[in-house]
Protein chains: 2
Amino acid sequence: MSNTITLAHGNGGAENNELITKVFYKAFKNDILSKSEDAAVIQDGTLAFSTDSFTVSPLFFNGADIGKLAVCGTCNDLAMMGAKPKYLTCSVIIEEGFEIRNLEKIVKSMKEELEINGAIVVSGDTKVVPKGAVDKIFINTTGIGEILYKGISSNNITENDLILVSRDIGAHGATIFAAREGMDLETSLKSDCISLYPQVKALIDSGVKITALRDATRGGVSAVLNEWAKQSNVCIEINEEKIPVCDEVKGICEILGFDAMSLANEGTFVLAIKKEDAQKALEVLQTFKEAKAASIIGKVTQQYEQRVILNSQWGTKRFLDIPTGELLPRIC
Amino acid sequence: MSNTITLAHGNGGAENNELITKVFYKAFKNDILSKSEDAAVIQDGTLAFSTDSFTVSPLFFNGADIGKLAVCGTCNDLAMMGAKPKYLTCSVIIEEGFEIRNLEKIVKSMKEELEINGAIVVSGDTKVVPKGAVDKIFINTTGIGEILYKGISSNNITENDLILVSRDIGAHGATIFAAREGMDLETSLKSDCISLYPQVKALIDSGVKITALRDATRGGVSAVLNEWAKQSNVCIEINEEKIPVCDEVKGICEILGFDAMSLANEGTFVLAIKKEDAQKALEVLQTFKEAKAASIIGKVTQQYEQRVILNSQWGTKRFLDIPTGELLPRIC
């Protein structure tokens, strides 16, 4: 590891994992943390607990803003553990000179998204720092959820599971990129940012057997699949033609040489569902307008342990690696 | 309220309270939040839940660093509700180029302080932002504690309570100021930053009847007393000669025109204890080396509702108001 922090250390990919493992996990070592789930499971498996800080730039973009993102991000991490989001904290760090009108817009977005989750903010903190000490506003949300479906874990995936994705991928990353480049007015593209609890609740209510869920944020679907392959010590084999990517995202990826599989999402999740229930899970997802493009994208094998294989639409096979390098900073 | 955020909006005093009330409480309105306690009480009174973001500058100072502060700050908020700190999240926002050696020092301080509290970090988040988007490193910690002593509340203080302070006041604020001015090498002054759970645990174990506890962070003891007077709709009358202030803090206050009562503390708390138990509480506190200067500083009356009266050592009386204006920014 280098002597100083680089942007790659926050990429959601390989360098990010290295920093977390070598600095944070090493010091804070405990059984809950070492499970590396989307949220910690505490209090005898009854509660989920998760934190996220949001530094996205720009603050307002097609489909969402930092406020909506801050509630979705943390509530989604709870939902990914089969939990109903219940209590959130909200801690803001604001730059001197920030417009109160914009703060009110952000807080209004948070409130709307809290209502979708049936969650409330019960504790907060407000810091103001001098100009130049922070770029506009950063928000931390930390949430507690009540676990409705026990046993979801990224460490238990086996050959009895199929792998699904809940919608077309890469919309959030592509939207933020377009906004930064001033391309946002020429496209109908918008962030997929959305609260996933309703979809997870519907899956639970339908009775399908869920092995693992993970929202594909920084590092995208590539990062999730690689983390799962490693955590569960399996090989995940994905069919490229089954991966939904919308035309606008395809366009941005082609022009700029991005891989949609590594682009961040904020309302798209990967599922490992028991084979016999995969079709039913797909049907449940597709009852949501945001998940019309949900798809069974692959299966689990033992061929190459801890690796992800991509079967391309041209009939070739290659390893899909965990993203590395400086992906878009401040994507969330 | 102005149209833009000012440093005063983060002062822990009047403008800070106005921003929180008019923007955050207004949008997030609920019964738990409106209690304005140091930590939210959730899950049928069994758990406390609190968040804090830390932006202190400099990162390292006499007596502590941002890591120790981040664990103490959140664990102390839990302890102030009679809770044993149990689970923490740790979310860091790091500037590109930050030295990993310094990150490791900070994380080591966190680990040491976690052990004092018997708490563990179970979830985290690491963001890296480009140079200039954050000043070095900001840390959010959010904690869950198990409530050992129920019913502690800043809304229940009555004339049956006496008011205590756990040690000499203002050391943290004075230390940070001295460090910024390069005076830190000439003084033995150090931050009071410490985990308060051991002191609270001893008070609980001693059987004293506790009405309210609050650590006197931003806005200092002045802010706590004014918040309490308002929340409990009482008058708090303080004797200036009973308020412990060490010589170094007195010196810095005299030179610079600060009021020690408004200086931030990070290991000093104010107590409202039932009259008959106040002496016993004092004795329990004084068994701790950091609380040797603990003192009964005042009483509760109905003379001027929602106001704090300071009886000066010269025999005069004045109202002690909640601090206003730009106090030291980035104090915690």
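Computed from a predicted model, the values in this text were never measured in an experiment. Letters go in sequence order (proteins before strands), and every chain restarts at 1.
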Study note, to complete from the structure: What one should report as the nearest heavy-atom pair of V107(B) and A27(A) is CG1-CB, 3.2 Å
Review point. Between atom CD1 of I139(B) and atom CD1 of I106(B), what is the distance when rounded to the nearest 0.5 Å?
Key: 5.5 Å
Practice item. Dump the intermediate steps for side chain to side chain contact (heavy atoms under 4.5 Å, CB included) on I331(A) and V56(A), then the final yes or no. Key: CA-CA 5 Å; I331(A) 193 75; V56(A) 71; 6.0 Å; no
Check your understanding: So, for L103(B) and F98(B), which heavy atoms are closest and what is the spacing to 0.1 Å?
Key -> N-CE2, 3.7 Å
Inter-chain donor/acceptor N,O pairs below 3.5 Å: chain B to chain A:
{"from": "N3(B)", "atom 1": "O", "to": "I100(A)", "atom 2": "N", "distance (Å)": "2.9"}
{"from": "I5(B)", "atom 1": "N", "to": "F98(A)", "atom 2": "O", "distance (Å)": "2.7"}
{"from": "I5(B)", "atom 1": "O", "to": "G97(A)", "atom 2": "N", "distance (Å)": "2.6"}
{"from": "N30(B)", "atom 1": "ND2", "to": "V121(A)", "atom 2": "O", "distance (Å)": "2.8"}
{"from": "Q43(B)", "atom 1": "OE1", "to": "K86(A)", "atom 2": "NZ", "distance (Å)": "2.8"}
{"from": "S53(B)", "atom 1": "N", "to": "D125(A)", "atom 2": "OD2", "distance (Å)": "2.8"}
{"from": "S53(B)", "atom 1": "O", "to": "K127(A)", "atom 2": "NZ", "distance (Å)": "2.6"}
{"from": "S53(B)", "atom 1": "OG", "to": "S91(A)", "atom 2": "OG", "distance (Å)": "2.6"}
{"from": "K86(B)", "atom 1": "NZ", "to": "Q43(A)", "atom 2": "OE1", "distance (Å)": "2.9"}
{"from": "S91(B)", "atom 1": "OG", "to": "S53(A)", "atom 2": "OG", "distance (Å)": "2.5"}
{"from": "S91(B)", "atom 1": "OG", "to": "N140(A)", "atom 2": "ND2", "distance (Å)": "3.4"}
{"from": "G97(B)", "atom 1": "N", "to": "I5(A)", "atom 2": "O", "distance (Å)": "2.6"}
{"from": "F98(B)", "atom 1": "O", "to": "I5(A)", "atom 2": "N", "distance (Å)": "2.7"}
{"from": "I100(B)", "atom 1": "N", "to": "N3(A)", "atom 2": "O", "distance (Å)": "2.9"}
{"from": "V121(B)", "atom 1": "O", "to": "N30(A)", "atom 2": "ND2", "distance (Å)": "2.8"}
{"from": "D125(B)", "atom 1": "OD1", "to": "R218(A)", "atom 2": "NH2", "distance (Å)": "3.0"}
{"from": "D125(B)", "atom 1": "OD2", "to": "S53(A)", "atom 2": "N", "distance (Å)": "2.8"}
{"from": "T126(B)", "atom 1": "O", "to": "R218(A)", "atom 2": "NH1", "distance (Å)": "2.8"}
{"from": "T126(B)", "atom 1": "O", "to": "R218(A)", "atom 2": "NH2", "distance (Å)": "3.3"}
{"from": "K127(B)", "atom 1": "NZ", "to": "S53(A)", "atom 2": "O", "distance (Å)": "2.7"}
{"from": "A133(B)", "atom 1": "O", "to": "D135(A)", "atom 2": "N", "distance (Å)": "2.9"}
{"from": "D135(B)", "atom 1": "N", "to": "A133(A)", "atom 2": "O", "distance (Å)": "2.9"}
{"from": "N140(B)", "atom 1": "ND2", "to": "S91(A)", "atom 2": "OG", "distance (Å)": "3.4"}
{"from": "T142(B)", "atom 1": "OG1", "to": "T142(A)", "atom 2": "OG1", "distance (Å)": "3.2"}
{"from": "R218(B)", "atom 1": "NH1", "to": "T126(A)", "atom 2": "O", "distance (Å)": "2.7"}
{"from": "R218(B)", "atom 1": "NH2", "to": "D125(A)", "atom 2": "OD1", "distance (Å)": "3.0"}
{"from": "R218(B)", "atom 1": "NH2", "to": "T126(A)", "atom 2": "O", "distance (Å)": "3.3"}

Exercise for review: Could you tell me which portion of L7(A) (side chain, backbone, both or neither) has an atom closer than 4.5 angstrom to a non-hydrogen atom of chain B?
Suggested key: both
**Study point:** Least distance between heavy atoms, A83(B) atom then G145(B) atom
**Key:** CB-C, 3.9 Å
Review point. Hey, which of P130(A), A39(A), G124(A), A8(A) has the most heavy atom pairs under 4.5 Å with chain B?
Key: P130(A)
Review point. Measuring heavy-atom distances to chain B, does V41(A) have an atom under 4.5 Å in its side chain, in its backbone, in both, or in neither?
Key: neither
Practice item. For residues L263(A) and F177(A), determine if any side-chain heavy atom of one lies less than 4.5 Å from a side-chain heavy atom of the other. Key: no
Check your understanding: CD1 of I116(A) to SG of C72(A): how many Å apart, nearest 0.5 Å?
Key -> 7.0 Å
**Study point:** Least distance between heavy atoms, V122(A) atom then F49(B) atom
**Key:** CG2-CD2, 3.7 Å
Review point. What pair of heavy atoms forms the shortest contact from G10(B) to V128(A), and how long is it?
Key: N-CG2, 3.5 Å
Point to revise | Shortest non-hydrogen separation from F61(B) to A179(B) and the atoms involved | key: CB-CB, 4.5 Å
Exercise for review: Would you mind checking which part of I94(B) comes under 4.5 Å of any heavy atom in chain A, side chain (CB onward), backbone (N, CA, C, O), both or neither?
Suggested key: side chain
Practice item. Select, from C90(B), G97(B), A40(B), the one with the greatest count of heavy-atom pairs under 4.5 Å involving chain A. Key: G97(B)
Practice item. Between chain A and each of F28(B), F24(B), F138(B), count heavy-atom pairs under 4.5 Å; write down the option with the most. Key: F28(B)
Check your understanding: If you round to the nearest 0.5 Å, how far is CD1 of I152(B) from CD1 of I147(B)?
Key -> 8.5 Å
Point to revise | L47(A), part contacting chain B, at a heavy-atom distance under 4.5 Å | key: side chain
Practice item. Give the member of L33(A), V92(A), V121(A), L19(A) that has the highest number of heavy-atom pairs under 4.5 Å with chain B. Key: V121(A)
Practice item. Report the option among L114(B), I42(B), I20(B), L88(B) that has the most heavy-atom pairs separated by less than 4.5 Å from atoms of chain A. Key: I42(B)
Check your understanding: Looking at V23(A), I5(A), I120(A), which one has more heavy-atom pairs under 4.5 Å with chain B than the rest?
Key -> I5(A)
